[in-house]
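The first residue of the sequence shown is numbered 1, and numbering continues consecutively from there. Side-chain atoms are counted along with the backbone in the values below, which use heavy atoms only and exclude waters and symmetry mates. These numbers come from a predicted model, not from an experiment.
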Amino acid sequence: MTRGEGVSDLLGSPMKFLHGQPAMFANDRPAQFDLIDYRLNMMHFGGAYLEGVAGETEGSVGPIRFDTTFRPSGDALRRWTETVATVARVVYDDGSSALLRAEANRAAAVTLLEVFPHVALQPRIDLAAPSGGKTRAAVEFMIANAHRPMGTDEIAAAAGISLRSLQAAFRREYDVTATDYLRSIRLDRVRQELRDAEPGLTTVAEVARRWGSPTSGASQPRTRPASASTRASPSRRAAAEPTSVP
């Protein structure tokens with residue numbers, strides 16, 4: 001809320017809106033609000049999309065419920081505010097590519113899950129990791145299609161495994177989500193382009209945005225996938241097998 005006053009969730013846990021402090025609306029039931037001379041800046045997430053990101057990053061299954069009484073402060077509030085500002089620049093820029101917009105959407109969803117307390121309404125399910133061959137097929141598909149937007153459901157289908165099996169496999173074998181692995185591949189492409197570019201003819205920001213990052217380091221995963229004798233790192237594999245662009 002940036003103007004006026006109001007109270008949220010009158011039928012559940014009523015909370016007064018505070019200027020400059022974000023709040024979650026009830027997402028699993030009807031809700032009523034009392035608003036006076038107000039202005040609200042709102043960000044909408046599709047339920048299925050947010051559940052999918054929660055499944056990738058947390059291993060949860062199905063619907064999630066947020067604490068509508070929570071109000072972030074300190075570092076959490078700064079993190080949310082910075083993410084919203086970065087995402088807004090991408091969304092309102094008509095020149096933003098589909099890949100950059102997809103990365104911005106995911107960045108907002110990940111930050112939302114990290115900042116706002118929530119619980120999964122179904123227990124987490126960890127499945128046995130699929131064979132290395134199918135995991136490798138998923139990696140090969142990501143390398144060949146890193147230049148375009150893609151979701152984990154498409155990656156799983158290309159590898160011939162279920163989405164939950166894909167998520168479990170990457171957590172166990174690489175200690176990252178499949179999406180973070182894909183982002184590491186794209187970062188390798190950024191580095192390669194910068195190494196090959198003629199001095200003065202391109203900028204880090206231009207190359208980073210082309211590969212889905214608003215800034216040069218914004219999309220780097222917290223943990224890099226580890227190399228193994230049977231699994232080349234993204235940079236090595238990309239060098240050995242060039243991307244095929246239709």
Side-chain angles (χ1 to χ4, degrees), residues 13 22-29 43-84 86-87 101-130 134-135 138-139 141-142 149-159 161-187 212-213 217-226 234:
S13 302
M24 289 292 299
F25 286 1
N27 65 317
D28 58 343
R29 55 182 166 75
M43 182 177 289
H44 299 265
F45 290 90
Y49 177 77
L50 197 57
E51 290 162 13
V53 175
E56 295 171 20
T57 58
E58 302 172 354
S60 61
V61 179
I64 51 179
R65 178 178 294 165
F66 286 89
D67 179 1
T68 58
T69 67
F70 177 76
R71 301 294 186 268
S73 60
D75 290 342
L77 178 58
R78 283 191 292 274
R79 173 163 167 70
W80 175 249
T81 302
E82 290 169 359
T83 298
V84 170
T86 299
V87 170
R101 290 177 183 274
E103 283 294 302
N105 289 342
R106 188 176 186 279
V110 169
T111 304
L112 180 81
L113 293 167
E114 291 177 345
V115 169
F116 290 90
H118 57 280
V119 295
L121 300 186
Q122 297 180 35
R124 172 174 171 158
I125 298 177
D126 285 320
L127 302 179
K134 290 191 174 182
T135 308
V139 172
F141 180 79
M142 287 190 246
M150 75 179 84
T152 48
D153 52 346
E154 183 180 358
I155 297 169
I161 55 178
S162 72
L163 180 57
R164 282 186 288 172
S165 292
L166 178 80
Q167 293 162 356
F170 274 83
R171 284 197 299 271
R172 288 192 173 100
E173 297 185 29
Y174 299 118
D175 197 28
V176 294
T177 67
T179 303
D180 277 342
Y181 196 104
L182 173 60
R183 294 166 79 193
S184 75
I185 293 171
R186 288 171 175 157
L187 280 173
S213 174
S219 292
Q220 185 164 3
R222 285 186 290 268
T223 306
R224 289 279 296 171

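- Note that the CZ atom of R65 and the NE2 atom of H118 stand 13.0 Å from one another [nearest 0.5 Å].
- Between T152 atom OG1 and L166 atom CG the span is 6.5 Å, to the nearest 0.5 Å.
- Residues satisfying the side-chain hydrogen bond (donor to acceptor under 3.5 Å, both in side chains) criterion with S13, sequence neighbours excluded, are absent altogether.
- Residues satisfying the side-chain hydrogen bond (donor to acceptor under 3.5 Å, both in side chains) test with R71, not counting sequence neighbours, are none.
- For A159, the side chain to side chain contact (heavy atoms under 4.5 Å, CB included) criterion is met by A137, A138, I161, not counting sequence neighbours.
- The main-chain N or O of R106 is found under 3.5 Å from a side-chain atom of Y49 such that the two form a donor-acceptor pair.
- Considering all non-hydrogen atoms of both residues, V115 and P72 come closest at CG1-CB, 3.8 Å.
- The two residues A107 and T83 have their closest heavy-atom pair at O-CG2, 3.9 Å.
- With rounding to the nearest 0.5 Å, the separation of CD in E114 from CD in E58 is 8.5 Å.
- For the salt bridge (Lys or Arg N to Asp or Glu O under 4.0 Å) test, residues two or more places apart in sequence or in another chain that qualify with E154 are R148.
- Taking the side chain as every heavy atom from C-beta outward, D75 and W80 never approach each other to under 4.5 Å.
- Not counting sequence neighbours, the partners of T81 by the side chain to side chain contact (heavy atoms under 4.5 Å, CB included) test are L77.
- Using a 4.5 Å heavy-atom threshold, the side chains of M150 and I155 count as touching.
- The side-chain heavy atoms of L113 and I64, taken from C-beta on, include a pair separated by under 4.5 Å.
- Under the 3.5 Å distance criterion, with hydrogens and angles disregarded, no donor-acceptor pair is assigned to the side chains of E56 and T177.
- The distance from atom NE2 of H44 to atom CG of L50, rounded to the nearest 0.5 Å, is 13.5 Å.
- Not a single ring pair (Phe, Tyr, Trp, His ring centres under 6.0 Å) links F141 to another residue, sequence neighbours left out.
- At least one side-chain heavy atom of Y174 sits under 4.5 Å from a side-chain heavy atom of V139.
- Note: Y181 OH to M142 CE = 7.0 Å, rounded to the nearest 0.5 Å.
- Put simply, OG1 on T111 and CD on E82 are 10.0 Å apart, with the number rounded to the nearest 0.5 Å.
- In this structure, the side chains of F25 and T68 stay at 4.5 Å or more apart for every pair of heavy atoms.
- Between F66 and F116, a ring centre-to-centre spacing not shorter than 6.0 Å is recorded.
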